[in-house]
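Contents: one structure, followed by commentary.
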Amino acid sequence: MTNKYIDVYTLIKPDINKLSKICIETANLDCRLLLSKSLDRSQILYNHDTIEISEDQIRTFRSLIKERLNGKPVSRIINKRNFWKKKFEINEATLDPRPDSETLIEAILKHFKDKLQHLKILDLGSGSGCLGLSILDEYINSEVSFFDKSKKSLEIVKLNALNFGLLDRSKLIHLDWTVDEWDIKLLKIENQIKFDIIISNPPYIPSNEIKKLQDEVKKYDPLISLDGGKDGLDAYRYVLPKISRLVKNNGKIFIEIGKNQENSISSMARKFGLLTVEFKKDLSGVKRVVVFKTK
Ligand SMILES: C[S@@+](CC[C@H](N)C(=O)[O-])C[C@H]1O[C@@H](n2cnc3c(N)ncnc32)[C@H](O)[C@@H]1O
C-alpha cells in the first residue's frame, strides 16, 4: 500500500470541526498531538507541515480521535503531559500534572537562588515525579527522595527519571503517610539525614466535591490523588505533624493547597512548629502554594 503526502491541516481539518462542535477549545492542538502519536513522532507537528502517512496510520489517528470525542483527555490517550520544561510519561495511577503546580517550582527558585548547591529534597506524594524531577533538573547537584503509597506511580517516576538522565540522583520510597511512625521509617531509610526542602502536592479535594468535578478529572485521575477526605484536609493532618522532625533547621517546606484552604492549613501548621513565610499565587490569582519554615 502506498503512503500519501499531505499537509497536516488538510488531514486534520474535519476532525478539528468535530472536536470544536463538542466545545473542545484545544481542538487543533489535540488533533496535532494525536496525529504525532499515530505517526510515532515525539515532536509537535505544525499545520503547515507536509507529512508522509500510511492508511494504517490514518486509521490509528481516526481511532484516537474517537477516544477524544468520547471525552478522554489527550494526555490520557497519549500517556504524556508537558510540565515545566519536560514531557512526562503518566499512567492510570498518576495524577495528570497541572500547570498550577508549576507555582511550587517558581517558589523554590525564588527561595533557593544558588542552583549549584547540594540540596536534599523530599517529594511527598510524588505521582509522576513532575515536581521533584523538574527541581532536580534545575538544581544539578541535588537529590530527591520520591515518596508515594502507589507502587505503580513510583514506576513512572523511575521511567521519567531514566528518560531525563536523573535516576542517579533519585531515590524511590514506597511508604504511606497514614501509617504510624512513617517519619521514623523514612529517616531510617535516609540514614537519619534530614531534608533541606520538603515539597508536597497532596490530595486536597473534599470527598463530596469529587462528583462535581469535570468528567476529564473524575473519570481519569486516580481517586487516591484527589480525595482529601471530608473537608479536603486529611493529608495535611497526617503530613504536617511530622515535618519539623524531617526538615533541617534552616530548611523550607513548600506545600500545594486548594482554593481557600490557606487559613486552615496555616493555623494547623503553626500547632506543629511551622511558620508561614508566604503564599504564592497561581496564574488565576489563587493562593496555591504555602511556604513554611520551622520556628
Ligand atoms: C495530588 S497527587 C500529586 C502528584 C504529583 N506530585 C503532582 O503534583 O502531579 C497526590 C499523590 O499523593 C499520593 N498519596 C495519596 N495518599 C498517600 C499516602 N497515604 N501516602 C503516600 N502517598 C499518598 C498519591 O498516590 C498521589 O501520587
Side-chain angles (χ1 to χ4, degrees), residues 73 75-76 79-108 121-137 144-161 170-186 189 197-207 209-210 213 216-218 220-229 232-243 246 253-259 261 265 280 282 288-290:
S75 54
R76 294 293 178 190
N79 283 322
K80 286 180 180 43
R81 162 69 78 181
N82 286 326
F83 182 86
W84 197 246
K85 297 176 182 173
K86 300 268 182 224
K87 187 177 267 186
F88 285 80
E89 296 285 336
I90 59 172
N91 70 7
E92 70 289 349
T94 64
L95 184 84
D96 189 351
R98 305 292 201 275
D100 287 343
S101 301
E102 294 182 347
T103 313
L104 193 146
I105 317 270
E106 287 164 357
I108 294 181
I121 301 161
L122 173 64
D123 183 351
L124 279 171
S126 46
S128 60
C130 60
L131 292 172
L133 289 171
S134 298
I135 296 163
L136 268 189
D137 192 44
V144 173
S145 295
F146 295 89
F147 177 120
D148 210 291
K149 183 182 171 177
S150 154
K151 260 191 185 166
K152 273 193 163 178
S153 80
L154 287 168
E155 282 163 22
I156 286 288
V157 175
K158 190 173 179 185
L159 176 65
N160 282 317
S170 303
K171 192 188 283 178
L172 306 176
I173 300 178
H174 184 222
L175 269 180
D176 177 342
W177 60 58
T178 66
V179 301
D180 280 347
E181 302 192 332
W182 65 266
D183 53 331
I184 294 174
K185 291 180 181 137
L186 174 63
I189 296 169
I197 297 178
I198 297 180
I199 63 170
S200 187
N201 173 18
Y204 54 68
I205 314 280
S207 305
E209 281 182 23
I210 289 177
L213 296 172
E216 293 204 353
V217 177
K218 64 173 183 254
Y220 298 100
D221 279 319
L223 192 61
I224 188 183
S225 67
L226 301 174
D227 192 352
L233 304 180
D234 277 2
Y236 304 101
R237 288 191 184 94
Y238 285 111
V239 167
L240 293 177
K242 310 284 191 183
I243 294 282
L246 295 172
I253 302 102
F254 298 81
I255 308 274
E256 180 165 330
I257 58 171
K259 199 172 177 184
Q261 290 179 335
I265 288 166
K280 191 136 179 38
D282 64 20
R288 184 58 66 194
V289 171
V290 201

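As a basis for the values below, the full set of heavy atoms in this structure was taken, side chains included, without hydrogen atoms, waters or symmetry mates. One-based numbering, in listed order, for ligands and for the atoms of each.
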With heavy atoms of L131 as the reference, note each atom of ligand 1 found under 4.0 Å away.
6 (N), 8 (O)
Heavy-atom proximity to atom 10 (C) of ligand 1, best of N201, I199, L95
N201
Could you identify the single nearest non-hydrogen protein atom to atom 15 (C) of ligand 1 and state the distance to 0.1 Å?
I224 O, 3.4 Å
Taking a cutoff of less than 4.0 Å between a non-hydrogen atom of the residue and any ligand atom, is L104 in contact with ligand 1?
no
Within ligand 1, which atoms have a heavy atom of D176 less than 4.0 Å away?
18 (C), 19 (N), 20 (N)
Ring-ring centroid check Y238 W182, cutoff 6.0 Å:
no
For K185, I'd like to know if atom NZ has over 12 heavy atoms of other residues, nucleotides or ligands within 6.0 Å.
yes
Looking at E216 and R76, is there a salt bridge between them, counting it only when a charged N and a carboxylate O are closer than 4.0 Å?
no
Counting from 1 in the order shown, the ligand 1 atoms closer than 4.0 Å to a non-hydrogen atom of C130 are 7 (C), 8 (O), 9 (O)
Enumerated ligand 1 atoms positioned under 4.0 Å from heavy atoms of T178:
19 (N)
Can you say whether the rings of F88 and F83 are parallel (under 30°), tilted (30 to 60°) or perpendicular (over 60°)?
perpendicular
For atom 1 (C) of ligand 1, closest protein heavy-atom neighbour:
S225 O, 3.0 Å
Within a 6.0 Å radius of atom NZ on K87, are there more than 12 heavy atoms belonging to other residues, nucleotides or ligands?
yes
Under a 4.0 angstrom heavy-atom cut-off, which atoms of ligand 1 come close to K149?
17 (C), 18 (C), 19 (N), 20 (N), 21 (C), 22 (N), 23 (C)
Between D148 and ligand 1, is there a nitrogen or oxygen pair with a distance under 3.5 Å?
yes
Side chain or backbone of S126 under 4.0 Å from ligand 1, or both, or neither, by non-hydrogen atoms?
backbone
Do D176 and T178 pair up side chain to side chain, a donor and an acceptor below 3.5 Å, judged on atom types alone?
yes
Based purely on interatomic distance, does S101 place a nitrogen or oxygen under 3.5 Å from a nitrogen or oxygen of ligand 1?
no
More than 12 heavy atoms of other residues, nucleotides or ligands under 6.0 Å from NZ of K158: yes or no?
no
If we only consider heavy atoms of S128, is any one of them less than 4.0 Å away from an atom in ligand 1?
no
Please write down residue, atom name and distance for the protein heavy atom closest to atom 12 (O) of ligand 1.
G125 CA, 3.3 Å
Of the choices W177, Y204, W182, which has the non-hydrogen atom that lies closest to atom 16 (N) of ligand 1?
W177
Minimum-distance pair of heavy atoms, taken over all atoms of P202 and E256:
CD-O, 3.7 Å
Under the criterion side-chain contact (heavy atoms from CB on, under 4.5 Å), I'd like the reasoning laid out for V217 against I210: C-alpha separation, chi angles, the key distance, then a yes or no.
CA-CA 9 Å; V217 177; I210 289 177; over 6 Å; no
Where ligand 1 meets L175 - atom numbers and elements under 4.0 angstrom, heavy-atom basis
20 (N), 21 (C)
Student check: side-chain heavy atoms of Y236 and I257 closer than 4.5 Å
yes
Between R98 and D221 (salt bridge meaning N to carboxylate O under 4.0 Å), is one present in this structure?
yes
Close N or O approach (P203, ligand 1; < 3.5 Å):
no
Should F147 be listed as contacting ligand 1, given a heavy-atom distance under 4.0 Å as the test?
yes
